[in-house]
Participant: 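Sharing a structure, written as structure tokens. Questions coming.
All residue numbers refer to positions in the sequence shown, counting from 1. Keep in mind it's a predicted model, so treat the numbers as computed, not measured.
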Amino acid sequence: MKKLFISFIAIFLSFTLFGAELADKKANDNTKRLFKYLNDIYGSKVLTGQMENSWNNSCKMLDRVYEDTSKYPAIMGFDFMNYSSLGWNGDNRETQRAISFWNGKNYENKQISKKHGIVAFMWHWRDPMTPSGQTGSFYAEETAFRIPYNTETNSWNTSSEEYKEMMKDLDTVAEELSKLQEEGIPVLWRPMHEAAGNLEGGWNGASAWFWWGAGNTTKKNGAKYTVSSNVLECAECYIALWRLMFNYFTKDKGLHNLIWVWNAQNAKFYPGSDYVDIIGNDIYANPKDYSSQKTAYTKYTNMDKTKLTALTECGVVPDMNNIAKDGAWWLYFLVWNDGAQDSKGNLKRESDKNNFWSGEYYNTQAHKKAVFNSEIAITLEELPDLTKY
């Protein structure tokens, strides 16, 4: 009875100190601290964020934001796009750049802040069955790979090559996440994004954009693979994969530094409250549409009112005053990266539809500065010490 009482007190103190409980009940202290901070500011502040360019290391989005606003974002988003068990020899710097940002440094190891930056990671998961040494695609129409899950028996085809290669990729990414855990870094972890594809938003056709949203079978059409509507709506395949990853990472791999951000964008694909910490939505509004996107915010908060809601990707940043006026309190925003190239393949800084930060195609310079100087928006220097919070 005494042991039971002590355990109860320990649980009570943990909840009191760290606030809302994470999906991973064994989350480490820094992860709990970050999650408590997120809960504390939710509904009154918005964290600024920027996605790094994961396929061109010369494009340093962190520096570009500072050059335009004289401030650094509170969150930097990274991508495991080119981390693979295939043996593809990409120049992968995302993990190290994330460690640098957490330590308040830029990519030249220069100290830019005494604060710890918040690290977010996503994963454009390339076809696990791609031959060794090749890049591989993540788009459903460019790969035949589908989730090796049998919906008739509700079981994994564990003897299949698809399953084995998929697990190898999970091992590869788990190793990178483990490096971050060893550095004490909590991660806003957003895997398998935008799974609903064309199902969300009512676009013509019923194709999924990525293989993790395309069910478990394919329909061959010439050189490409298309997905029929009934396959697209095989939400149980996606949910099974999400839960597999969650359990494999937390139980088998001992990863307890992850805050799980679900971003499949359709309620059919929701894996359940026990597997999610934050619900995300990606919005690419018309250029210079600075509205709060309240309709979308309300829709996604209603999917699970026990969760925080974030603008996990955007091209246009909502006006902070509109967010406050409409009560559309996105926890954070992450602006997508720059991709416009000149004739030599160098990434440009000027206005271009492929530059989501630089230039003024989506956001004017005046608007960007207004956002980063708003009392509502939180930048890197305004963060507390996330190792003591």
Participant: Is there any salt bridge (Lys or Arg N to Asp or Glu O under 4.0 Å) pair reaching into residues 108-117, and which pairs are they, with sequence neighbours excluded?
Facilitator: Lys60-Glu108

Participant: Does NZ belonging to Lys164 count more than 12 external heavy atoms closer than 6.0 Å?
Facilitator: yes

Participant: As an exercise, state the distance from NZ of Lys307 to CG of Asn39, rounded to the nearest 0.5 Å.
Facilitator: 10.0 Å

Participant: Tell me whether the rings of Phe249 and Trp260 are parallel (<30°), tilted (30 to 60°) or perpendicular (>60°).
Facilitator: tilted

Participant: Measuring only between side-chain heavy atoms, which start at C-beta, is Val317 closer than 4.5 Å to Tyr362?
Facilitator: no

Participant: Do the charged groups of Asp68 and Arg64 touch, with an N to O distance under 4.0 Å?
Facilitator: no

Participant: Under the ring pair (Phe, Tyr, Trp, His ring centres under 6.0 Å) rule, collect the residues that match up with Tyr300, sequence neighbours excluded.
Facilitator: none

Participant: Any side-chain to backbone donor/acceptor pair from Asn355 onto Glu350? Under 3.5 Å, distance only.
Facilitator: yes

Participant: When rounded to the nearest 0.5 angstrom, what distance separates NZ in Lys299 from CD1 in Ile279?
Facilitator: 12.0 Å

Participant: Just to verify, what does Tyr361 make a ring pair (Phe, Tyr, Trp, His ring centres under 6.0 Å) with, not counting sequence neighbours?
Facilitator: none

Participant: Drop me the distance from Tyr238's OH to Asn266's CG, to the nearest 0.5 angstrom.
Facilitator: 10.5 Å

Participant: Verify the neighbour count for atom NZ of Lys305: are there more than 12 heavy atoms of other residues, nucleotides or ligands below 6.0 Å?
Facilitator: no

Participant: Among residues at least two apart in sequence or on other chains, which ones pass salt bridge (charged side-chain N to carboxylate O under 4.0 Å, His left out) with Lys179?
Facilitator: Glu176

Participant: With a 4.5 Å heavy-atom cut-off, do Asp385 and His116 have their side chains touching?
Facilitator: yes

Participant: With a cut-off of 6.0 Å (strictly less than), are more than 12 heavy atoms of other residues, nucleotides or ligands near NZ of Lys288?
Facilitator: yes

Participant: Any luck finding a side-chain donor-acceptor pair between Thr379 and Glu382 under 3.5 Å?
Facilitator: yes

Participant: Check whether any side-chain heavy atom of Trp102 lies under 4.5 Å from a side-chain heavy atom of Leu386, and answer yes or no.
Facilitator: yes

Participant: Looking at Trp357, Tyr66, Tyr72, which one forms a ring pair (Phe, Tyr, Trp, His ring centres under 6.0 Å) with Phe372?
Facilitator: Trp357

Participant: With sequence neighbours left out, what residues match Phe121 under ring pair (Phe, Tyr, Trp, His ring centres under 6.0 Å)?
Facilitator: Phe78, Phe80

Participant: Relative to each other, are the rings of Phe138 and Trp212 parallel, tilted or perpendicular (30° and 60° limits)?
Facilitator: tilted

Participant: Are Trp211 and Ser137 side-chain neighbours, meaning at least one heavy-atom pair lies under 4.5 Å?
Facilitator: no

Participant: Got a sec, which residues hit salt bridge (charged side-chain N to carboxylate O under 4.0 Å, His left out) with Arg93, two or more places apart in sequence or on another chain?
Facilitator: Asp91

Participant: Treating Asn103 as the side-chain partner and Ile99 as the backbone partner, does any N or O pair qualify as donor plus acceptor under 3.5 Å?
Facilitator: yes

Participant: Side-chain heavy atoms under 4.5 angstrom apart, residues restricted to Ile, Leu, Val, Met, Phe, Trp, Tyr: same cluster for Met81 and Leu347?
Facilitator: no

Participant: Decide side chain to side chain contact (heavy atoms under 4.5 Å, CB included) for Val316 and Tyr284; before the verdict, give the C-alpha distance in whole Å, the side-chain angles of both, and the deciding distance to 0.1 Å.
Facilitator: CA-CA 7 Å; Val316 180; Tyr284 287 87; over 6 Å; no

Participant: Mind checking the NZ-NZ spacing from Lys26 to Lys32? Nearest 0.5 Å is all I need.
Facilitator: 11.5 Å

Participant: Applying ring pair (Phe, Tyr, Trp, His ring centres under 6.0 Å), run through Tyr297 and Trp330 and close with a yes or a no.
Facilitator: CA-CA 7 Å; Tyr297 175 81; Trp330 300 102; 5.2 Å; yes

Participant: Indicate whether the side chain of Asn281 and that of Gln265 have a donor and an acceptor atom separated by less than 3.5 Å.
Facilitator: yes

Participant: Hey, mind stepping through Val46 and Met320 against side chain to side chain contact (heavy atoms under 4.5 Å, CB included) and telling me if it holds?
Facilitator: CA-CA 8 Å; Val46 178; Met320 295 297 106; 4.0 Å; yes

Participant: Among residues at least two apart in sequence or on other chains, which ones pass disulfide (SG to SG under 2.5 Å) with Cys237?
Facilitator: Cys234

Participant: Is it possible for you to check whether Arg97 lies under 6.0 Å from the centre of the six-membered ring of Tyr107, through NZ or CZ, and within 45° of that ring's axis?
Facilitator: yes

Participant: At what distance, to the nearest 0.5 angstrom, does CD of Glu360 lie from CG of Asp352?
Facilitator: 13.5 Å

Participant: State which residues pass ring pair (Phe, Tyr, Trp, His ring centres under 6.0 Å) with Phe101; sequence neighbours excluded, sorted by chain then number.
Facilitator: none

Participant: Considering the options Trp262, Phe269, Phe246, which one meets the ring pair (Phe, Tyr, Trp, His ring centres under 6.0 Å) requirement together with Tyr275?
Facilitator: Phe246

Participant: With ring-ring contact (aromatic ring centres under 6.0 Å, His included) as the rule and sequence neighbours excluded, what pairs involving residues 153-174 come up?
Facilitator: Tyr149-Trp156, Trp156-Tyr163

Participant: Name all residues meeting the salt bridge (charged side-chain N to carboxylate O under 4.0 Å, His left out) criterion together with Glu194; count only those two or more places apart in sequence or in a different chain, and write none if there are none.
Facilitator: none

Participant: Between Asn82 and Arg126, does a side chain to side chain contact (heavy atoms under 4.5 Å, CB included) hold up when you go through it step by step?
Facilitator: CA-CA 8 Å; Asn82 295 327; Arg126 297 186 183 277; 2.9 Å; yes

Participant: Tell me yes or no: between the side chains of Ser113 and Glu381, is some donor less than 3.5 Å from an acceptor?
Facilitator: yes

Participant: Applying salt bridge (Lys or Arg N to Asp or Glu O under 4.0 Å) as the test, list every pair that has at least one member in residues 184-193; sequence neighbours left out.
Facilitator: Arg190-Asp282, Arg190-Glu313

Participant: With sequence neighbours left out, what residues match Asp24 under salt bridge (charged side-chain N to carboxylate O under 4.0 Å, His left out)?
Facilitator: none

Participant: Check this for me: Lys369, atom NZ, are more than 12 non-hydrogen atoms of other residues, nucleotides or ligands nearer than 6.0 Å?
Facilitator: no

Participant: Report the distance from atom CZ of Phe210 to atom CD of Glu141, rounding to the nearest 0.5 Å.
Facilitator: 11.5 Å

Participant: Side chains of Leu380 and Ile112: does their closest heavy-atom pair fall under 4.5 Å?
Facilitator: yes

